[in-house]
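Report on one structure; see the data block that follows.
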2 protein chains.
Amino acid sequence: MNMGLPIDKIVLGDAYDNLRSFPSNSVDLVVTSPPYADNRKNTYQGVPIDKYVEWFLPISGEIKRILKPKGSFVLNIKERAVDGERQTYVLELILGMKRQNWLWVEEYVWHKKNCYPGKWPNRFRDAWERCLHFTVQKDFTMHQDRLMQPVGDWAESRLKKLSATDKVRDESRVGSGFGKNVSNWVNRQMVYPTNVLHMATESYNRGHSASFPVSLPSWFIKLFTDPGEIVLDPFMGSGTTAIAAIRLQRHYVGIELSPNYYNLALKAIDKEISSCQRGLDIELAP
Amino acid sequence: MNMGLPIDKIVLGDAYDNLRSFPSNSVDLVVTSPPYADNRKNTYQGVPIDKYVEWFLPISGEIKRILKPKGSFVLNIKERAVDGERQTYVLELILGMKRQNWLWVEEYVWHKKNCYPGKWPNRFRDAWERCLHFTVQKDFTMHQDRLMQPVGDWAESRLKKLSATDKVRDESRVGSGFGKNVSNWVNRQMVYPTNVLHMATESYNRGHSASFPVSLPSWFIKLFTDPGEIVLDPFMGSGTTAIAAIRLQRHYVGIELSPNYYNLALKAIDKEISSCQRGLDIELAP
DNA sequence: GTTCCGCATGAATCGATAG
DNA sequence: ACTATCGATTCATGCGGAA
């Protein structure tokens, strides 16, 4: 097979079947949120819980082949609670992927600032999901400086407490210790993030289950790729990863089984591209 | 053995040895943060990574026996990153405890607002730890209403404007929750929390530090016990769980191997009790 | 009595160095 | 080679002394 990657395209079909036809060492980053395990039928791509690991491992095996040596695989997933218990298939999946010689580098937490409402007798609302970071080798690409963010409440609240006099004194008098320290604070406004990501979910009114927000794949795309590189999402859903890639001037490759989602993603991408051509939302990446 | 629980006492010695002598069905809640796996030697209670699960499972087995049927076991733990990879012993521990017939009800995330600094080529700072919630049976005790919190950012911003004195007074009254003066204006709208807990670590300028802040065991003690019930921490460390229990009018039982930490805990408890007896700010919990 | 700044201090992790 | 130790890096907090 190996007929080359369908760059900037979405393939309609099964993830594993199509991944097998993709060339090796050709993708810089894989970001995806696979269908979660579910025992109910008539659900979107529902995979039974007890078959989840054996269903996913062949897919992650193909991803390992397709990924470039210094590339990364970010897997957004969260196990369900069934019958009062958290299921263990995600834990078993991590162990299984380690047996496939994946390196489990890190587990990022996506803290969903606006999680679904609800009340149950045995648990609170679930406000977080795992973003598992796997690589092929210890030496991988990571552009940390791009994700530096404004410093937190600490410096902000302390800066606000500075009087106007203090700030003026800082400008006029550079030599004195006090003024110098203040200018240090003002200048050093950016810090590195942590492995906890605070992002709100996006609500689509169309009645489809909310996947991750554009900001989530965007964060990892900035972190693990350069502009012009290739991002693969084998479970494209409504096209969120493609939107993020387009906005950041990366190429995308998608696979989607459901014709319904496939069409949704195509529309979303069309809309995104046309809005770009109108010159509205263009930002220079990174 | 079964000579009765050493209520409101800390036992100096090994966790497993002492747990074996505790009576069955006698404790309402176990909250603990065991020593984390470590390959370095000469470390406080360091347990090698490859022996961690086999070291802990006998302990969790005893805990299951000692816990009352409707009780809970909250395990605060986080795997280390070694040689560029997250270790898997915590995942294996969860699977092992399920084989012990524990129910893995939930995984709470403790988001450490002030995490350890540092910069590495392959990861950001680690700002979260797991709080694994296990029970013996599906029907367990959970007092959700006690943990309702004010809704939204306006409450947070109001809290920040409180003077330091107000905050201290508030802390000593309820332990970690919201005090009287706060609740005056908080009574507008309360919501249930989620399974993501935002708490800063406590750092003492001198001496030893607590593994988790008092607010962490306090949160679970309020949630899973009534006043007068019994909280067990088989790795008491510097006594944080006991402090939380005392403030919330629960009984504590502790075990600690290191004489150094044992003495620290005794001192901390003495200090806590004497400040209570001086009549400062005691209110009836929950 | 407050408020506010300066400083020390962490359940960290990696790479280099030494044994 | 493999293990043990050390230095460099980094930032939100509490606390103490100063204003």
Side-chain angles (χ1 to χ4, degrees), chain A residues 105-106 138-140 142 144-145 148-163 165-167 169-170 176-186 188-196, chain B residues 32-50 52 75-87 90 110-131 160-168 171 198-216 235 237-238 240 258 261:
Chain A
V105 175
E106 182 58 303
K138 277 175 62 177
D139 176 28
F140 58 90
M142 190 176 193
Q144 297 192 3
D145 290 345
M148 295 191 84
Q149 52 188 220
V151 74
D153 288 340
W154 168 74
E156 264 181 50
S157 58
R158 287 200 171 187
L159 270 180
K160 280 177 188 168
K161 289 176 184 169
L162 289 174
S163 68
T165 321
D166 287 336
K167 288 178 181 167
R169 191 198 300 162
D170 173 48
S176 78
F178 180 66
K180 199 178 183 183
N181 286 331
V182 172
S183 64
N184 280 343
W185 283 359
V186 175
R188 200 178 59 118
Q189 287 178 339
M190 303 293 278
V191 298
Y192 289 101
T194 71
N195 60 358
V196 177
Chain B
T32 195
S33 186
Y36 293 2
D38 199 338
N39 269 337
R40 293 174 300 180
K41 300 187 176 179
N42 300 327
T43 311
Y44 159 68
Q45 296 184 0
V47 180
I49 288 177
D50 56 342
Y52 200 84
L75 180 60
N76 166 230
I77 197 168
K78 181 65 186 274
E79 61 271 25
R80 292 171 49 93
V82 175
D83 203 23
E85 270 194 289
R86 285 276 162 215
Q87 300 296 124
V90 174
W110 168 28
H111 166 46
K112 296 188 279 190
K113 288 187 293 184
N114 58 340
C115 62
Y116 203 91
K119 185 178 188 305
W120 310 274
N122 53 353
R123 65 185 65 253
F124 289 127
R125 292 171 294 151
D126 190 6
W128 68 282
E129 295 191 10
R130 310 177 192 277
C131 293
K160 281 179 187 166
K161 289 175 183 171
L162 288 175
S163 71
T165 315
D166 285 339
K167 280 182 184 171
V168 168
E171 284 286 328
H198 304 274
M199 294 172 186
T201 58
E202 292 168 357
S203 69
Y204 302 104
N205 272 350
R206 289 192 307 258
H208 294 267
S209 67
S211 53
F212 47 54
V214 181
S215 52
L216 191 70
F235 303 96
S238 53
T240 311
S258 148
Y261 274 99

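To find a chain, count down the sequence lines: A is the first, B the second, and so on, and within it residues start at 1.
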For [X] and [Y], indicate whether the former's side chain and the latter's backbone hold a donor-acceptor pair under 3.5 Å.
{"X": "B/N114", "Y": "B/T201", "answer": "yes"}
{"X": "B/R123", "Y": "A/V105", "answer": "yes"}
{"X": "A/E106", "Y": "B/D126", "answer": "no"}

Requested in this report: Tell me, please, which residues at least two apart from B/N76 pass side-chain contact (heavy atoms from CB on, under 4.5 Å).
Outcome: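 With sequence neighbours excluded, B/N76 shows a side-chain contact (heavy atoms from CB on, under 4.5 Å) to B/S33, B/Y36, B/W110, B/E129, B/C131, B/F212, B/L216, given in chain and number order.
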Taking the side chain of [X] as its heavy atoms from C-beta onward, which of [options] lies nearest to it?
{"X": "A/V191", "options": "D/dA12, C/dG10, C/dT13", "answer": "D/dA12"}
{"X": "B/R125", "options": "C/dA12, D/dC11, C/dG15", "answer": "D/dC11"}
{"X": "B/D126", "options": "D/dC11, C/dT13, D/dT9", "answer": "C/dT13"}
{"X": "B/N114", "options": "D/dA12, C/dA12, C/dC14", "answer": "D/dA12"}

Query - 5' precedence on DNA chain D between B/G118 and B/A200 (nearest-nucleotide basis) - result: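 The answer here is B/G118.
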Requested in this report: Report which part of the nucleic acid B/K119 touches: base, sugar-phosphate, or nothing (heavy-atom distance under 4.0 Å, all strands).
Outcome: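 Base contact.
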Query raised in the report: Which is true for B/P34 with a 4.0 Å heavy-atom rule: it touches a base, it touches only sugar-phosphate, or it touches nothing?
Result: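 Answer is base: heavy atoms of B/P34 come under 4.0 Å of a base.
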Query raised in the report: DNA chain C: stems of at least 3 consecutive Watson-Crick or G-U pairs, cut-off 3.5 Å?
Result: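 When the pairs of DNA chain C are grouped into runs of at least three, the stems are C:2-10 with D:11-19, C:12-19 with D:2-9.
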Query raised in the report: Between B/D83 and B/K78, which has a closest nucleotide on DNA chain C that is more 5'?
Result: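 The residue mapped nearer the 5' terminus is B/K78.
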Query raised in the report: Between B/F212 and B/G84, who's closer to the 5' end of DNA chain C by nearest nucleotide?
Result: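 Nearest-nucleotide comparison on DNA chain C picks B/F212.
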[atom1] of [X] versus [atom2] of [N]: gap in Å, rounded?
{"X": "A/Y192", "N": "C/dC14", "atom1": "OH", "atom2": "C1'", "answer": "15 Å"}
{"X": "A/N195", "N": "D/dA12", "atom1": "CG", "atom2": "P", "answer": "14 Å"}
{"X": "B/Y116", "N": "C/dG10", "atom1": "OH", "atom2": "P", "answer": "8 Å"}
{"X": "B/R123", "N": "C/dC14", "atom1": "CZ", "atom2": "C1'", "answer": "9 Å"}
{"X": "B/K112", "N": "C/dA12", "atom1": "NZ", "atom2": "P", "answer": "7 Å"}
{"X": "B/W120", "N": "D/dC11", "atom1": "CH2", "atom2": "P", "answer": "10 Å"}
{"X": "A/M148", "N": "D/dT9", "atom1": "CE", "atom2": "C1'", "answer": "12 Å"}
{"X": "A/M142", "N": "C/dT13", "atom1": "CE", "atom2": "P", "answer": "14 Å"}

Which pair of non-hydrogen atoms, one from [X] and one from [Y], has the smallest distance, and what is that distance?
{"X": "B/K119", "Y": "A/Y192", "value": "CE-OH, 2.8 Å"}
{"X": "B/N122", "Y": "A/Q144", "value": "N-NE2, 3.9 Å"}
{"X": "B/Y261", "Y": "B/S238", "value": "CD2-N, 3.6 Å"}

Requested in this report: Compare side-chain N and O positions of B/R86 against OP1 and OP2 of C/dT13 and report whether any pair is under 4.0 Å apart.
Outcome: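 For B/R86, the contact criterion (side-chain N or O under 4.0 Å from OP1 or OP2 of C/dT13) is met.
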Query raised in the report: Can you check whether B/N122 has a side-chain N or O nearer than 4.0 Å to OP1 or OP2 of C/dC14?
Result: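 B/N122 to C/dC14 OP1/OP2: side-chain N or O found under 4.0 Å.
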Query raised in the report: side-chain hydrogen bond (donor to acceptor under 3.5 Å, both in side chains) with B/R130: which residues, sequence neighbours excluded?
Result: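 In terms of side-chain hydrogen bond (donor to acceptor under 3.5 Å, both in side chains), with neighbours along the sequence ignored, B/R130 is linked to A/E107, B/E79, B/E107.
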